[in-house]
Amino acid sequence: MAVVALSKHVPVQEARRTEYSSFSVTPISPHIGAEIRGVDLSQPVGGQLLADIRQAWADWMVLVFRDQRLDREAHKAFGRHFGRLHVHPMHHNRPDQDPEILVVKTTAKSAYTAGEGWHADVTCDAVPPMGSMLYITETPECGGGDTLFANMYMACEMLSPAMRGFMEGLDAVHDGALPYVGNYKSVPPEGGYPRHVHPVITRHPDTGRQVLYVNSGFTSHVEGLQRWESRALLDMAFGLLQREPKLHCRVRWEPNTLTFWDNRCTQHQAVWDYYPYSRYGERVSIVGEDAPAR
Ligand code: SIN
C-alpha cells in the first residue's frame with residue numbers, strides 16, 4: 001500500500017481497501033470510518049464473513065452496519081465473536097439491568113449524555129475494552145445526535161519525532177472517578193472506581209502501529225512530571241483532537257445502525273445537539289486481551 005505525506009508529519013496510507021470477499025465498504029472519510037450495507041448481523045456470522053469484518057475493522061477502525069434488526073442476544077452474540085463481554089464499572093448503580101448491556105439513553109430529562117467529550121471507553125480499567133458496538137434504534141426527530149470518531153494512529157503520527165520520542169517514555173494515570181463522579185455524579189462502588197496507569201504512547205497489538213493513548217475523559221495526569229508540565233502536555237494532546245478535523249469521521253445515525261469501533265486506536269465524542277428530543281441505543285463492549293503496552 002503506497003504511503004503519501006499529506007503534510008510534514010502526517011504520513012497517510014493511500015487507497016485503503018474497499019472490496020472484501022463478503023461485502024464492499026463505503027468510506028466515511030479517507031482515514032477513518034467505513035459504512036457497510038447488505039450484511040445481516042442477526043444471522044450467524046463466521047467463516048469468510050467474520051474474517052472480512054476483522055480485516056475491514058483493522059483497515060477502517062470504525063465500521064457502521066446499517067439496517068440491522070438485533071435483539072439483545074444477537075447483539076451480544078456478535079460481540080462474543082471478538083472476545084469476552086465487558087461489564088461497565090457503573091453497573092452497580094443499575095443492578096436490575098443486564099450487566100453486559102450499557103443503555104445509552106438521552107431524553108429531555110437527562111442531566112447529561114454519555115460520552116459528550118473526547119474519550120476512549122473505560123481506559124481506567126487495567127485492561128480496557130478492545131472495542132465497543134453501539135446499536136442505536138431511536139434517533140432524534142429533529143436530526144443530529146451524531147458521533148465523532150478520531151484516528152489516534154494519525155494523531156500520533158502528527159507529533160514531531162522529538163515530541164513523540166519524549167512521550168514514548170511516559171506513563172499516565174487514567175481515573176474512573178473523573179467522568180463517573182466528576183461529570184456523572186454517580187456513587188462509586190466500594191473501593192472506588194478503577195484507576196490504572198498506561199503508556200502515553202501504546203502499540204496496537206494487532207497492527208503494531210503506535211497510538212497516542214491519552215484522553216480527556218479519563219487521563220488525570222502524566223507520571224513523573226510536575227503537575228503544570230503534565231497539564232500542558234495533556235492539553236497539547238487533547239487540543240490536537242479539537243484542532244484537527246482531518247483526524248475525524250462523523251457517524252450520522254439512522255435507526256437500527258450498529259457501529260463497531262476499535263477502542264485501542266480511536267477516540268469518540270457524542271454530540272448532544274437535539275434537546276429536548278430523545279435518542280436511544282445499547283452498547284456492548286469487548287474486554288481487551290492485554291493491557292495497553294509500548
Ligand atoms: C459512548 O461514549 O459510548 C456513547 C457514544 C454515543 O452515544 O454516541
Side-chain angles (χ1 to χ4, degrees), residues 28 32-33 35 57 61-66 68 70 72 75-76 78-79 82 85-91 93-94 97-125 128-140 142-152 174 176 178-180 182-184 186 193-194 214-219 238 241 248-275 277-288:
I28 303 172
I32 178 171
E35 184 171 309
W57 196 50
M61 295 156 264
V62 177
L63 295 182
V64 179
F65 294 90
R66 300 292 188 187
Q68 301 301 317
L70 300 175
R72 286 186 171 164
H75 189 177
K76 293 197 291 185
F78 182 49
F82 300 87
L85 301 189
H86 177 260
V87 177
H88 197 277
M90 281 173 70
H91 174 66
N93 289 305
R94 314 154 182 142
Q97 290 183 11
D98 183 329
E100 294 173 332
I101 296 275
L102 180 75
V103 171
V104 177
K105 176 180 178 182
T106 307
T107 70
K109 294 196 178 122
S110 300
Y112 63 86
T113 196
E116 198 188 14
W118 283 109
H119 67 287
D121 292 329
V122 200
T123 57
C124 55
D125 275 2
M130 65 183 285
S132 291
M133 299 174 167
L134 178 59
Y135 179 46
I136 292 281
T137 48
E138 182 189 340
T139 53
C142 60
D146 300 343
T147 307
L148 307 181
F149 289 88
N151 178 340
M152 299 310 294
H174 295 240
L178 269 187
Y180 305 143
N183 296 344
Y184 301 165
S186 75
Y193 282 114
V214 286
N215 71 83
S216 60
F218 290 94
T219 313
F238 302 160
L241 287 194
H248 305 165
C249 74
R250 184 170 186 124
V251 171
R252 295 183 191 281
W253 297 93
E254 297 164 7
N256 308 315
T257 297
L258 180 139
T259 297
F260 180 24
W261 61 87
D262 189 330
N263 198 50
R264 299 163 296 185
C265 57
T266 65
Q267 291 188 25
H268 57 283
Q269 174 174 33
V271 182
W272 191 9
D273 54 358
Y274 48 89
Y275 180 88
Y277 293 94
S278 302
R279 177 178 181 267
Y280 183 88
E282 297 188 351
R283 194 180 89 191
V284 160
S285 295
I286 302 117
V287 179

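Along the sequence shown, residues carry numbers from 1. Every number for a ligand or one of its atoms is a count from 1 in the order of the listing.
Within the structure, salt bridge (charged side-chain N to carboxylate O under 4.0 Å, His left out) pairs that include any residue of residues 104-121 comprise Asp121-Arg283 (at least two apart or interchain).
Counting only heavy atoms from C-beta outward, the side chains of Asn183 and Tyr112 never approach each other to under 4.5 Å.
The side-chain hydrogen bond (donor to acceptor under 3.5 Å, both in side chains) check on Asn263 picks up nothing, with sequence neighbours excluded. Every residue meeting the side chain to side chain contact (heavy atoms under 4.5 Å, CB included) condition with Arg250, not counting sequence neighbours, appears here in chain and number order: Asp146, Leu148, Arg252, Val271, Asp273.
When all heavy atoms of Met90 and Ser186 are compared, the pair lying nearest together is CE-CB, 3.8 Å.
Pocket lining of ligand 1, defined as residues with a non-hydrogen atom under 4.0 Å away: Val104, Ala114, Gly115, His119, Asp121, Leu134, Thr147, Trp261, His268, Ala270, Arg279, Arg283.
Just one residue in the list Thr139, Thr107, Val104 forms a side-chain contact (heavy atoms from CB on, under 4.5 Å) with Arg279, and that residue is Val104.
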